[in-house]
Amino acid sequence: MSVYITTPIYYVNAEPHIGHAYTTIVADTYSRFQRLRGQRVRFQTGTDEHGDKIAEAAAREDIAPRAYADKISGKFRAAWPLLACKPDNFIRTTDPAHIALVRRILQTVYDKGDIYFDSYTGLYCRGCERFLTEKELVDGLCPDHRAAPREIAEQNYFFRMSKYQDKLVSHIKKHADFITPVRYRNEVLSFLSEPLEDLCISRPKSRLTWGIELPFDENFVTYVWFDALINYLTGLGYPDDKNFHEFWPTAEHLIAKDILKPHAIYWSTMLMSLGVPLYKKLHVHGYWNNEDAKMSKSLGNVIGPQELVESYGLDPFRYFALREMSFGLDASFSREAIIARRNSDLANDLGNLFSRSLSMAEKYVGLIVPVPVADESEIDHELREAAVAMLAAYNENMADFRFHRALQAVWELVSHANKYIVTVEPWALAKDEKQKPRLDTVLYNLCEVLRLLTLVLRPVMPDTSAKMAVALGYAPDDEAVASLPVGGRWGVLAVDQRLRGCPALFPRLEVAKAQEKQSEGSIQVKAVKHGDESQAGETGQDIADFRKFDIRVVEIVAASRVKKSDKLLRLTVLAPDERIIVSGIGQYYAPEELIGRQVLAVCNLKPAKLMGITSQGMILTARDDADGREWLALSTVMAPVAAGASIS
Ligand code: MSP
C-alpha cells in the first residue's frame, strides 16, 4: 500500500519555529512509521510564497519579494534535517511547474463556469488574507489577529463554492474519519449548516502584484489560498505523472486548527469542481503555546528548531513534542516540561532499563544472548503479554495519529520491564549455579524487550533507536529492528547473538536558570557539570580547600540493607584498605547490583555512626530532582582503575 502525507506549506513571512517544527515532526514520524510497516510513502512539505503577507515582509526589509522568499524558504528547507525530518519533496509556490498548474486549473474551473466576475464589498483581514463574515468577528475584530478588518469594495472573480456545499456535507457525513479528531469534523459541519458564500479568488493588481496572474484576466492575480492548496497536486505531477495515480488516492493532509476552513471547505470544493476525488483524510492538531502564552514574534517568545535541538537534543525534543501534545488539543511548551520528560521518561525509565539490562548481560552471559527455557514462569508470561499488548496499542494509535497514546503504551512496557528486574532479582539468580537456566531466560526476555523498544521507537527517535540497535548487535537497518512485519512480534531476537553493550542513551540535563536568555525568549540548558569554573567566578574556593578532601575510587565488594531502614545500605569497600561505608542510596539501587562497582567516595571524614554502624566515608552521588522526584545516581569512573585511586 502507499501513503501520501503532507504538511501545510509554510508562509515565508517568518522563520521556522516550534509550531512548524511540530507539524513537520508529526508528518516525518508518521512517514517513518508507515515505512516501518512496509508501506511506500511520499512525504511532502514546502513553502507558500505569494500574497500580501510576503509582499509586506519583503517591503519591510526593502528587498524584492522573490529574493526575500528565496531567503526564508531556504531557512525552512535547512531546518528539517536538523530535526531529522526527511521529506521526499519540498515544494515552493514560486516553482514554474506550480505556477503553470495553478493557471491551468484556474482556466479549467473558469471554462466549466465555476468562476464568475462580480463586484463585492467585504471585510478583509490582512492576517488571514481573506474576507471575513460578520459572524466570524468578535467585538468587531478578527478573533485570530485581534485587528479590525478593513472594508474593501472592489470587482473580483468568485469561485462557486456554494454550488458544492450539499455534496461536501454528505461526503463528510458519509466518511466518519475524513476530518479527525471528531471535534474538528463537528466544527466544519456546524459551519456548513449555514449557507456557504462563494469564495473571492482574485486580487486586483492595483492592490497586489505578488501572485500568479489569472490566465483569463491579466489585471488580476490569484488569491493566495487558491494558489497554495494546489501544491498538494503539483507535488505529485498532476494530472499525468505516475506519482499522482499512485499517491493521490491515499492523500492525508496534516494541519493545525488555524487552517481548517481552507482545507476542509475551499480545497474540497475546488477538487469537486475539478472532478478530482477528494483527499482521504484531514488530520488536525492543536496549538503550541509557550508557557501558556501565545507564541509570537512581537512577544519575543518564538523558539527556533536549531535552538531546540541545541538545548535539549534532537531525539528528546521529538519525543517530547509527540508525547506531550494530545493530538488535536493545545499544549504548552516549557523548559521544565521538556527537561522533566527527558530526565524521567528517557534517562530514568528507558535509559536505565537499557543500561541495567545490558550491563547484566555483560556480567552474567558475556554479552551473548542466552537460550530461554521453554517452560517460562508466570512473571515471564506477563512480560511477554505486556510486550504483545504494547505492539497492538502502538500500531493502532500510531496509525490514527494518537502519538501520545502510542508512546504511553510503549512506556507501560518500559516500566513493566523495570519492575520485572526488581522482582526477579537477576543478581540473586546469578549466585546459584542451579538457577542458570532461569537467569538465561530472564536475560533473554530483557534483551527481547529492548529489541522491541528499538523497533517501535525508530519513527519517533531515529538516532536513539539506531544507537540501541547497534548496542544490541544489529545493523541499524536490520529487519528485526526496522520492519514491523518482520520484527513486530515476540521471539525474533536470535540466541547467541553478540551484544555490544551501550553508552548512556540520555545524559541528564539541568536548567541553567542563570543563563536563560529571557529577553530573546530562548532557553539555555546544559549537561550537569560539577566544578564548572564559570560558576565559581570571583567568589570561588581555593583549590587547597578541595585538596583537604581525600576522594578516592573505591570498589564495592559486599553490600546489604541496613535493618529497619529503606534508605541505608551497608557497603564493604576497598579503598584500597577494606572499610565499611553506610550510604543512603537504598531507594535507588539494590545491594546486589552494586557488587564489583567502582564508585567515588570521600575517605577522610570523621567516622560517623548511622543506625549503630560506623561509617568510614561517604559515597558521592549526583542528586537530581528536576522532575520533582528525587533520584540519586552513583558517581563512577569511565574505565576501571585500581581500588583506592585518588581523584584530583
Ligand atoms: N501558508 C499557509 C498554509 C498553506 S497550506 C496549503 C499557512 N502557513 S503558516 O506558516 O502560517 O503555517 C501554519 C501551520 O504551521 C499550522 O497549520 C501548523 O501546522 C503550524 N503552526 C504554526 N504555528 C503553530 C503553533 N503555535 N502550534 C502548532 N502548530 C502551528 O498557514
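All ligand and atom numbering here is 1-based and tracks the order in the structure.
- If you take CZ on Phe333 and CD on Glu324, they are separated by 9.5 Å, rounding to the nearest 0.5 Å.
- In terms of modelled atom types and a separation under 3.5 Å, the side chain of Tyr22 and the main chain of Ala321 share no donor-acceptor contact.
- The distance from atom OG1 of Thr93 to atom CG of Asn231, rounded to the nearest 0.5 Å, is 8.0 Å.
- Ligand 1 has no atom lying under 4.0 Å from any heavy atom of Tyr22.
- An N or O contact shorter than 3.5 Å is missing between Ala228 and ligand 1 by distance.
- For residues 151-167, the pairs satisfying salt bridge (Lys or Arg N to Asp or Glu O under 4.0 Å) are Asp114-Lys163, Glu154-Arg207, with sequence neighbours left out.
- Within the listing of ligand 1, atoms 19 (O), 28 (C), 29 (N) sit less than 4.0 angstrom from a heavy atom of His285.
- Nearest-residue assignment for atom 12 (O) of ligand 1 (options Tyr10, Tyr232, Tyr266; heavy-atom criterion): Tyr10.
- A 6.0 Å sphere centred on CG of Asp111 holds more than 12 heavy atoms belonging to other residues, nucleotides or ligands.
- Shown in contact with Thr23 at under 4.0 Å from a heavy atom are these atoms of ligand 1, numbered in order with element: 18 (C), 19 (O), 20 (C).
- Residue contacts with ligand 1 for Trp225 involve side-chain atoms from C-beta outward but no N, CA, C or O (heavy atoms, distance under 4.0 Å).
- For ligand 1, the polar-atom distance check finds an N/O of Asp258 within less than 3.5 Å of one of the ligand's N/O atoms.
- The local environment of CD in Gln306 is sparse, with at most 12 non-hydrogen atoms from other residues, nucleotides or ligands closer than 6.0 Å.
- Polar contact check, Tyr11 against ligand 1: a nitrogen or oxygen pair lies under 3.5 Å apart.
- Using a 4.0 angstrom heavy-atom cutoff, Lys257 does not count as in contact with ligand 1.
- Taking any N or O of Asn231, backbone or side chain, none lies under 3.5 Å from an N or O belonging to ligand 1.
- To the nearest 0.5 angstrom, Leu236 atom CG is 10.5 Å from His245 atom NE2.
- Within a 6.0 Å radius of NZ in Lys173, other residues, nucleotides and ligands contribute 12 heavy atoms or fewer.
- Polar contact check, Trp288 against ligand 1: a nitrogen or oxygen pair lies under 3.5 Å apart.
- By the neighbour-count criterion of 12 heavy atoms within 6.0 Å, atom CD of Gln107 is densely surrounded, having more than that number from other residues, nucleotides or ligands.
- Heavy-atom contacts of Gly286 reach the following atoms of ligand 1: 28 (C) (cutoff under 4.0 Å).
- Within the listing of ligand 1, atoms 1 (N), 2 (C), 4 (C) sit less than 4.0 angstrom from a heavy atom of Asp48.
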